[in-house]
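First listed ligand is number 1; within each ligand, the first listed atom is number 1.
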Amino acid sequence: MKPKPLIAGNWKMYKTGPQASELASRLKSLVSDFTEVDIMIAPPFTALGVVAEILKGSPIDIGAQDIFWETEGPYTGEISAPMLKAAGCSYVIIGHSERRQYFGETNQSVNRKIKAAVGAGLVPVVCVGESESERESGQTFSVVQKQLEEGLKGFSAGDLRAVVIAYEPVWAIGTGRTATREQAQEVHSFMRNRIRAACGNSVANALRILYGGSVKPENIAGLMAMEDINGALVGGASLDAESFAAIIRNAIEGL
Ligand code: PEP
């Protein structure tokens with residue numbers, strides 16, 4: 001049986017507190033009846049509190065866009081797992097390609113962050129994916145394999161039950177160029193088989209692997225129909241309540 005899908009929205013560095021509360025309220029009114037999939041949105045840190053307040057009692061979960069691995073201390077500008085939990089988060093996105101590209105995130109820092117999240121009972125959404133030149137030079141599988149192996153180093157099979165993976169080819173993020181569903185399926189299947197080899201059937205079959213990269217209402221159903229695609233991580237299209245709700249509705253139709 002396939003795991004329950006997750007449709008997640010990454011708001012990136014968009015929305016002030018008041019704008020975030022308007023978007024969250026609109027979304028709540030549009031998607032509260034959708035129970036076939038799990039739904040998560042990841043507003044910026046500054047809007048977590050206000051969004052959590054609005055979404056209380058709704059089926060929409062909240063995630064953060066990053067985390068620091070220490071619990072507390074003199075780490076100016078950082079946010080810890082207990083802080084995220086207290087702010088209402090149950091998920092955290094880790095290792096997004098924009099963090100790898102602009103903020104020096106490495107597989108090693110990703111690994112420490114995943115440990116902190118899992119240890120605190122937050123579900124990490126771990127992002128992996130190849131760049132355009134890596135794809136063109138035939139390195140897609142070796143790149144995601146390294147990201148997975150180093151990012152998940154030291155985790156037990158049990159820990160992996162609390163992890164979500166997001167395959168986000170860098171060339172498809174924010175570009176309008178979605179991977180074809182066959183391209184995505186091929187990488188998802190490869191990753192699930194790596195996890196199967198390391199942790200066994202039951203962990204691999206229960207693992208949620210999301211696709212991310214220019215997901216829109218028009219392409220989500222086709223992606224969701226693929227064997228190893230268990231949801232989506234949506235950037236741009238999650239910033240508009242109607243389009244994110246349409247993605248969720250069409251995702252359910254594609255199941
Ligand atoms: C993302 O930021 O994770 C993402 C997939 O962005 P977009 O949907 O805009 O390509």
Side-chain angles (χ1 to χ4, degrees), residues 5-15 19-20 23 27 31 37-45 47-48 60-67 89 91-103 105 110 113-114 117 123-132 134-135 140 143-144 147-148 151 163-181 183-185 187-188 191 208-224 226 228-251 254:
L6 169 65
I7 305 293
N10 172 15
W11 290 4
K12 310 194 186 197
M13 198 179 73
Y14 293 99
K15 307 294 174 187
Q19 290 167 339
L23 176 54
L27 200 56
V31 308
V37 298
D38 288 336
I39 303 169
M40 180 270 272
I41 53 172
F45 289 129
L48 288 173
I60 308 171
D61 287 319
I62 300 171
Q65 298 175 20
D66 191 22
I67 186 174
C89 293
Y91 290 84
V92 56
I93 298 170
I94 297 178
H96 191 280
S97 65
E98 287 154 12
R99 297 219 59 84
R100 294 179 190 258
Q101 188 178 348
Y102 303 124
F103 304 103
E105 192 84 273
V110 165
K113 290 179 177 189
I114 301 170
V123 176
V125 178
V126 181
C127 302
V128 298
E130 81 287 0
S131 67
E132 184 159 33
E134 288 164 341
R135 173 162 281 268
T140 298
V143 167
V144 297
Q147 288 172 332
L148 279 185
V163 170
V164 174
I165 309 281
Y167 169 56
E168 300 209 304
V170 178
W171 48 271
I173 296 180
T175 59
R177 278 178 64 199
T178 321
T180 65
R181 60 193 202 145
Q183 283 172 323
Q185 164 60 26
V187 179
H188 283 225
M191 293 198 292
R208 293 196 286 191
I209 307 180
L210 315 184
Y211 168 76
S214 299
V215 170
K216 308 177 201 74
E218 300 76 41
N219 57 27
I220 184 70
L223 289 159
M224 293 301 290
M226 303 309 272
D228 290 296
I229 299 182
N230 312 116
L233 181 53
V234 185
S238 72
L239 293 168
D240 175 82
E242 275 69 21
S243 82
F244 193 55
I247 286 173
I248 296 169
R249 195 178 316 110
N250 295 351

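- Only the side chain of N10 comes within 4.0 Å of ligand 1, counting heavy atoms alone; its backbone N, CA, C and O stay farther away.
- For ligand 1, the atoms lying closer than 4.0 Å to a non-hydrogen atom of G213 are 5 (C), 10 (O).
- H96 is listed as a side-chain neighbour of E168, based on a closest heavy-atom distance under 4.5 Å.
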For this session: Tell me, with the steps shown, if Y211 and Q185 meet side-chain contact (heavy atoms from CB on, under 4.5 Å).
Result: CA-CA 9 Å; Y211 168 76; Q185 164 60 26; over 6 Å; no
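- Counting non-hydrogen atoms of other residues, nucleotides and ligands closer than 6.0 Å to OH of Y14 gives a total of 12 or fewer.
- With distances taken over non-hydrogen atoms, the option nearest atom 9 (O) of ligand 1 out of P169, G236, A8 is G236.
- Counting only non-hydrogen atoms, the option in Q65, E168, H96 that gets closest to atom 5 (C) of ligand 1 is E168.
- Taking any N or O of S214, backbone or side chain, at least one lies under 3.5 Å from an N or O belonging to ligand 1.
- Counting only heavy atoms of the protein, atom 8 (O) of ligand 1 lies nearest to G235 N, 2.8 Å.
- Using a 4.0 Å cut-off between charged nitrogen and carboxylate oxygen, R177 and E132 count as a salt-bridge pair.
- Comparing G174, A237, S238 by heavy-atom distance to atom 10 (O) of ligand 1, the nearest is G174.
- The shortest heavy-atom distance from A232 to ligand 1 is not under 4.0 Å.
- Of the candidates I247, I39, V37, I39 is the only one forming a side-chain contact (heavy atoms from CB on, under 4.5 Å) with V31.
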For this session: With side-chain contact (heavy atoms from CB on, under 4.5 Å) as the test, would you mind laying out the steps for D228 and I209 before giving the verdict?
Result: CA-CA 7 Å; D228 290 296; I209 307 180; 5.5 Å; no
